[in-house]
Amino acid sequence: MAERKCPMCGGELVTVYKTFEVDGKKVENVPVIMCPRCNISLVNTDLLINIIERSELEDKNELLKELKKAKTDEEIRHVLEQYKFQNHIYEVLSKKGTSLKRLANMLDVTDSYVYILAKKNQSTNIKTALKMAYALDVDVNELYTLEKEVKTNLKFDVINKLTDEVHDNRIKEELKKLDVNVYIEEVLKEKDIKKSQLARRLGVAPQSLNKIIKVTKGNARIETALKIAKALDVDVNRIYKLE
C-alpha cells in the first residue's frame, strides 16, 4: 500500500484518486500517492501494470518493462529498509589484541573519536572505515555490516599495551598517502542498471545519489556504502577502494 513518507522530502504522503486515459479509454479511480509538499505523484505500480497489460498500446511492452523494473527496485528498497547498520570494532580489536588507543594513533585521530565510533555504534565515512580496516589488517566487511537484528557489542576490557610502535607509525604514514576511489558508475554500466533505478532501490532522489557518487565520494557514510553494495549485489570493496 502507500508509503507514509515521501522519498524526496520525508513529508507525509496522501492518497488521491485520479482518472487516466489509456488507449483512448478513461480509467477512473486510480489510487495515486501524492506528496503535497513536493507535488510529486507515486502511482500504485501493480494497478498501473494491470491497466497497461489490458490496453492496446503499441509501445506497451517497453513501458511494462520499465514499470516492472521499478517494482523490483521498490522491493529491493523495502528489503534494504529492514537492515540496520552495525559496527564490530570492539570484536576485531579483541581478536587482534589491539587497544583503541593504538588504533587511534595509527589513524592519527583522537582516542575519544575512535571510542565514540566503537562504543556508540556511531557512523563514519567510507574512507575512515577503509583506513581502519587497513590499519587492523582486516576486510572492511569484518568491521561493518548490515543486519536484520542488531547484535550487542561484546563487553571486555581492551588491553592497553605499547607494542610494535614502529609498525603503527608505518601504518600511519601509509594511510596518509591513500585515498578512496569510487567505482559505482563502472558497476552500474557492467550490470546495465540506471542511476535512477539505483536511486529507487535506495529510496533517495536521483540528485542525492549523484551527489554521493560525484561530490561526497569517499566521505559517504559507511552504512550508505554498504546499502549501495547490497542494492547492486556486489561486495563494498568493489565500489569503494582504498588506493
Side-chain angles (χ1 to χ4, degrees), residues 3 5-10 13 33 35 38 40-46 48-49 52-53 59-87 123-134 138-148 178-243:
E3 294 179 277
K5 299 292 183 181
C6 173
M8 299 288 287
C9 69
L13 296 173
I33 308 161
C35 174
C38 297
I40 63 170
S41 300
L42 304 170
V43 180
N44 184 312
T45 308
D46 288 327
L48 194 54
I49 287 173
I52 294 172
E53 283 178 336
D59 59 349
K60 73 174 185 179
N61 288 334
E62 186 63 29
L63 181 56
L64 281 170
K65 183 179 177 182
E66 285 301 311
L67 281 172
K68 287 176 179 177
K69 279 184 180 179
K71 180 182 177 184
T72 301
D73 295 338
E74 186 76 4
E75 290 172 350
I76 291 173
R77 184 174 65 78
H78 284 308
V79 170
L80 287 175
E81 287 173 349
Q82 298 174 27
Y83 284 80
K84 294 183 179 180
F85 165 73
Q86 179 66 32
N87 85 64
S123 177
T124 186
N125 57 48
I126 183 66
K127 183 189 294 185
T128 300
L130 288 171
K131 286 190 174 185
M132 198 180 305
Y134 185 98
V138 297
D139 191 285
V140 70
N141 291 292
E142 293 184 48
L143 284 174
Y144 293 98
T145 58
L146 292 175
E147 301 175 0
K148 285 192 175 182
L178 297 172
D179 204 350
V180 176
N181 287 322
V182 185
Y183 295 93
I184 296 174
E185 290 185 306
E186 286 83 346
V187 173
L188 285 170
K189 186 176 180 180
E190 288 173 11
K191 290 181 171 281
D192 193 26
I193 297 174
K194 297 178 181 178
K195 283 185 184 179
S196 59
Q197 285 182 259
L198 178 57
R200 285 198 298 268
R201 294 180 182 188
L202 297 170
V204 301
Q207 307 95 289
S208 299
L209 177 61
N210 196 56
K211 183 179 179 181
I212 290 171
I213 297 172
K214 297 289 189 181
V215 182
T216 310
K217 296 182 179 179
N219 291 316
R221 310 308 290 175
I222 177 63
E223 65 266 38
T224 300
L226 291 170
K227 285 189 175 183
I228 292 173
K230 192 169 187 67
L232 292 174
D233 194 26
V234 296
D235 190 279
V236 69
N237 293 288
R238 175 67 184 84
I239 56 175
Y240 288 99
K241 295 183 181 179
L242 194 62
E243 297 173 326

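- Minimum heavy-atom separation, I126 to A225: CD1-CB, 3.9 Å.
- Looking only at distances, no side-chain donor or acceptor of D139 sits under 3.5 Å from a matching main-chain atom of E142.
- For the pair I184/Y240, a side-chain contact is recorded, criterion being any heavy-atom separation below 4.5 Å from C-beta on.
- Shortest non-hydrogen contact noted between L198 and A231 is CD1-CB, 3.8 Å.
- The shortest non-hydrogen separation linking T128 to T124 is CB-OG1, 3.3 Å.
- Note that CG of L202 and NZ of K230 are 12.5 Å apart. Values are rounded to the nearest 0.5 Å.
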N141 vs N237, test: side-chain contact (heavy atoms from CB on, under 4.5 Å). Steps then yes/no. CA-CA 9 Å; N141 291 292; N237 293 288; 3.3 Å; yes
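- With values rounded to the nearest 0.5 angstrom, R201 atom CZ is found 7.0 Å from L232 atom CG.
- Between E186 and R238 there is no salt bridge, since no side-chain nitrogen of the basic residue lies less than 4.0 Å from a carboxylate oxygen of the acidic one.
- A side-chain contact (heavy atoms from CB on, under 4.5 Å) with E243 is found for one member of D179, N181, V180, L130 and no other, namely N181.
- Here the OH-CG distance, from Y134 to L178, works out to 5.5 Å after rounding to the nearest 0.5 Å.
- D233 contributes atom CG, which lies 8.5 Å from atom CD1 of I193 (distance to the nearest 0.5 angstrom).
- Within 6.0 Å of the NZ atom in K195, the count of heavy atoms belonging to other residues, nucleotides or ligands exceeds 12.
- Note: Q207 CD to L209 CG = 10.0 Å, rounded to the nearest 0.5 Å.
- Expressed to the nearest 0.5 Å, how far CD1 of I228 lies from CD of E223 amounts to 10.5 Å.
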Take N219 and T216 through the side chain to side chain donor-acceptor pair (under 3.5 Å) test and state the conclusion after the steps. CA-CA 5 Å; N219 291 316; T216 310; over 6 Å; no
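- Within 6.0 Å of NZ on K241 lie more than 12 heavy atoms contributed by other residues, nucleotides or ligands.
- Within 6.0 Å of the NZ atom in K214, the count of heavy atoms belonging to other residues, nucleotides or ligands does not exceed 12.
- The nearest pair of heavy atoms linking G218 to V182 is N-CG2, 4.2 Å.
- Across I212 and A220, no two heavy atoms sit closer than the pair CG2-CB, 4.2 Å.
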